[in-house]
2 protein chains.
Amino acid sequence: MSLEATPAERRRLKVRGAIIEAAERVFATEGEAGLSIRRLAEEIDYSPSAIYKYFGSKEELIDELKEVFFERLLSRVGKISCADAPFSQRGRACVTTYIVTAMERPHHYAAAFSNAQGAPVQVQSEDWAAFAKTNKGRAFGVLVNMVREGQSLGVFDPELDPYLSAKSVWAASHGLAQLMTHMPNFPALLPTDEPVSASAFIAFHADLVFRGLQSPGEVRHPDFTPED
Amino acid sequence: MSLEATPAERRRLKVRGAIIEAAERVFATEGEAGLSIRRLAEEIDYSPSAIYKYFGSKEELIDELKEVFFERLLSRVGKISCADAPFSQRGRACVTTYIVTAMERPHHYAAAFSNAQGAPVQVQSEDWAAFAKTNKGRAFGVLVNMVREGQSLGVFDPELDPYLSAKSVWAASHGLAQLMTHMPNFPALLPTDEPVSASAFIAFHADLVFRGLQSPGEVRHPDFTPED
DNA sequence: TAATTTGGTGAACAGTGTTCACTTTCTGAA
DNA sequence: TTCAGAAAGTGAACACTGTTCACCAAATTA
C-alpha cells in the first residue's frame, strides 16, 4: 500500500467531492429543508444508498458543510485580526466580518447552532482542551488575543477578564448574525422612514460592543453615520 | 347564537387544550424532534387525523407554543422594566431576565428563531406597524423605552438613537441566550480551573452591554464578582 | 487466474405530515 | 320530537423521509 493516491482513491475522492458539491449547492439555497438523500442521489446520478458508502448519515454530511463554512469564517476573522490597520478598525472589523460572513450563508450559520430537528445542539461535557481545537474554539482564540491587545494598548479596560470579555463579544456578534439571517430587514424595522442599511447597523452594533470594552476614560461617541 | 360558551364550545376548548398541553409537555423536554402528530394523538387518545380538526398543520400548533412562550418572556421583561428599583438594576435585569427565561425553555427559544427544517425564518416585507403588534415587537418596545429613560436620566449617551441602541441590546441578549441554550457549559469554557457560574457570566455580559450605552463620562467598572 | 475487497443497486422498513371518504355524534330549528 | 345539517372523529391511503441489507459487478490484490 503506497502513500501515493491510487486511481481508486482518486476516483473515490471525486465522487465524494461531487456529493458535497451538490449538497453545498442545494443547502446554500434551500437549506436543510430541500436537502434529501434521494434528491442528492438524483443530482449526482447515483442511487440513494450509494451515498451511504461515503457518509455514515445525512447528519455527517451536513456536519462537513458546516465545518468548511466555519473554516472560512475562521480564516476571514483571522486575517482581519492580523491585518495592517489601526487597532480600532481591526477590532470592529472582527465583529462586522463575522456577521457579514454569517449572512452570506444563512442556512449554514443557522444549522451550525441547531441540529437537524431544530433542537439546541447539546455540547455537554466539552472541556476547554477539546473546544480550543475546534474551529469555533480557534475563532474564539482570535477574539481573546484581540481583547488582550486592546488592553495592552490602554484602549480596553485592563480590569476585564479577556476570556469573559471575548465570550461577551462573541455572544453579541452571534446575536446580531442570527437575528439578521432570520429577519433580513431587521435594521430597517423602524417607526421612522429614514432607511438604515444592513452594513450601517452592523457597524453601529460593533461600535457599541467596543464601547463596552473601553477603559472608562477612553469611551468616545460612535463615528456612526448612516450611509447610502 | 349566544355570546356565552355553549357546551360544544367548552368541549372543543377542552380537547384543544389537551392537545397543546401534551404538545407543550413533549416539546419542552424533547423539542421538535420528539413531537410527532401520531405520538401526540396517542397521548391524548385520539386518532392522528383528529388533530387536524383543531390545528391546520403541525407548524400552526408549534407556532402557538412559541407564542405563549414569547408572551411569558414579554410579561417577565415588562414587569422588570417597570419594577420599583434603581434604573441601573432594572436595565441590567431586562437583559438577564431575557436570557434566563430563554434558558428555561431552550427548545422553545431555539424554535422561535428557526422553522421546522432548521432554516432561518424569513420575515420578509414585515414593516414596523406589523412588527410592533407582535410579542417580539412589544418586547422590543420595552427596550426602547428603557434606553430613553437612561438617556433622560443622563446615564446613557444622548447621542445614541434609541431604536438602534435597543436593537443592539436585543441582539446582544439574544446572542448569549442562544449560545447558552446550545452550549450549557459556555460560561465554564475557560483555560483556567476557576469556575464561572452561568448566572455570573450573564450578569457580566449584561454589564458590558450597558457600559456600551453609557455616556462617555458615566462608564464605571463592572461590579462583577464571581459568586458561588 | 482466483480470492477478496470495494462500489453500486433496488427493494424494503419504519417512520413522518397530511388528506379524504366515511361514520357517528351532536345541535338548532320546524 | 323529529330531522336536516354541521361538527367531531376515524382508518386507510399518499407521498415523502432516512436508513439498512442482501445482492451483484467491477476493480484490486495475492
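Proteins get letters first, then strands, A, B, ... in listed order; numbering begins at 1 in each.
- The terminal axes of the helix from C:dT1-D:dA30 to C:dA30-D:dT1, fitted over 5 pairs per end, subtend an angle of 10° to the nearest 10°.
- Backbone-only contact: A:L35 has heavy atoms under 4.0 Å from sugar-phosphate atoms and none from a base.
- Partners of B:Y163 according to the ring-ring contact (aromatic ring centres under 6.0 Å, His included) rule, which considers only residues two or more places apart in sequence or in another chain, are B:W128.
- Rounded to whole Å, the distance from CG on A:D45 to P on C:dG7 is 19 Å.
- Between the CD atom of B:E42 and the P atom of D:dG9 there is a distance of 18 Å, given to the nearest Å.
- For B:R16, the side-chain hydrogen bond (donor to acceptor under 3.5 Å, both in side chains) partners are B:E64, not counting sequence neighbours.
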When you check every protein heavy atom under 4.0 Å of nucleotides 18-26 of chain C, what one-letter string (B, S, -) results, 5' to 3'?
-> BBB-----S
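- At whole-Å resolution of the value, OH in B:Y54 and C1' in D:dA8 are 6 Å apart.
- B:H107 and B:E30 share no side-chain donor-acceptor pair at under 3.5 Å.
- Regarding A:R10, its CZ atom lies at a distance of 18 Å from the P atom of C:dT6, rounded to whole Å.
- Atom CD1 of A:I51 and atom P of D:dT17 are 12 Å apart (whole Å).
- Contacts between residues 15-25 of chain A and DNA chain C, counted as heavy-atom distances below 4.0 Å, involve no residue at all.
- Contacts of B:T101 classified as side-chain hydrogen bond (donor to acceptor under 3.5 Å, both in side chains), with partners at least two apart in sequence or in another chain: B:R76.
- Within the structure, ring-ring contact (aromatic ring centres under 6.0 Å, His included) pairs that include any residue of residues 42-62 of chain B do not occur (at least two apart or interchain).
- Residues meeting the side-chain hydrogen bond (donor to acceptor under 3.5 Å, both in side chains) test with A:S173, sequence neighbours left out: none.
- Atom CD1 of A:I44 is separated from atom P of C:dG7 by 14 Å (rounded to the nearest Å).
- Look at OH on A:Y46: it is 17 Å from P on C:dT6, rounded to the nearest Å.
- The side-chain contact (heavy atoms from CB on, under 4.5 Å) check on B:D63 picks up B:E59, B:K66, with sequence neighbours excluded.
- Listed by first and then second residue, the salt bridge (Lys or Arg N to Asp or Glu O under 4.0 Å) pairs involving residues 128-144 of chain B amount to none (not counting sequence neighbours).
- Checked for salt-bridge contact, B:R38 and B:E42 miss the test: no charged N lies under 4.0 Å from a carboxylate O.
- Scanning for side-chain hydrogen bond (donor to acceptor under 3.5 Å, both in side chains) contacts around B:E71 gives an empty result, with sequence neighbours left out.
- Residue pairs meeting the salt bridge (Lys or Arg N to Asp or Glu O under 4.0 Å) criterion with at least one member in residues 161-186 of chain A, sequence neighbours excluded, do not occur.
- One interatomic measurement links the two molecules: CZ of B:R39 to P of C:dG17, which rounds to 11 Å at whole-angstrom precision.
- When heavy atoms are screened at a 4.0 angstrom cut-off, A:F55 is found touching no nucleic acid atom at all.
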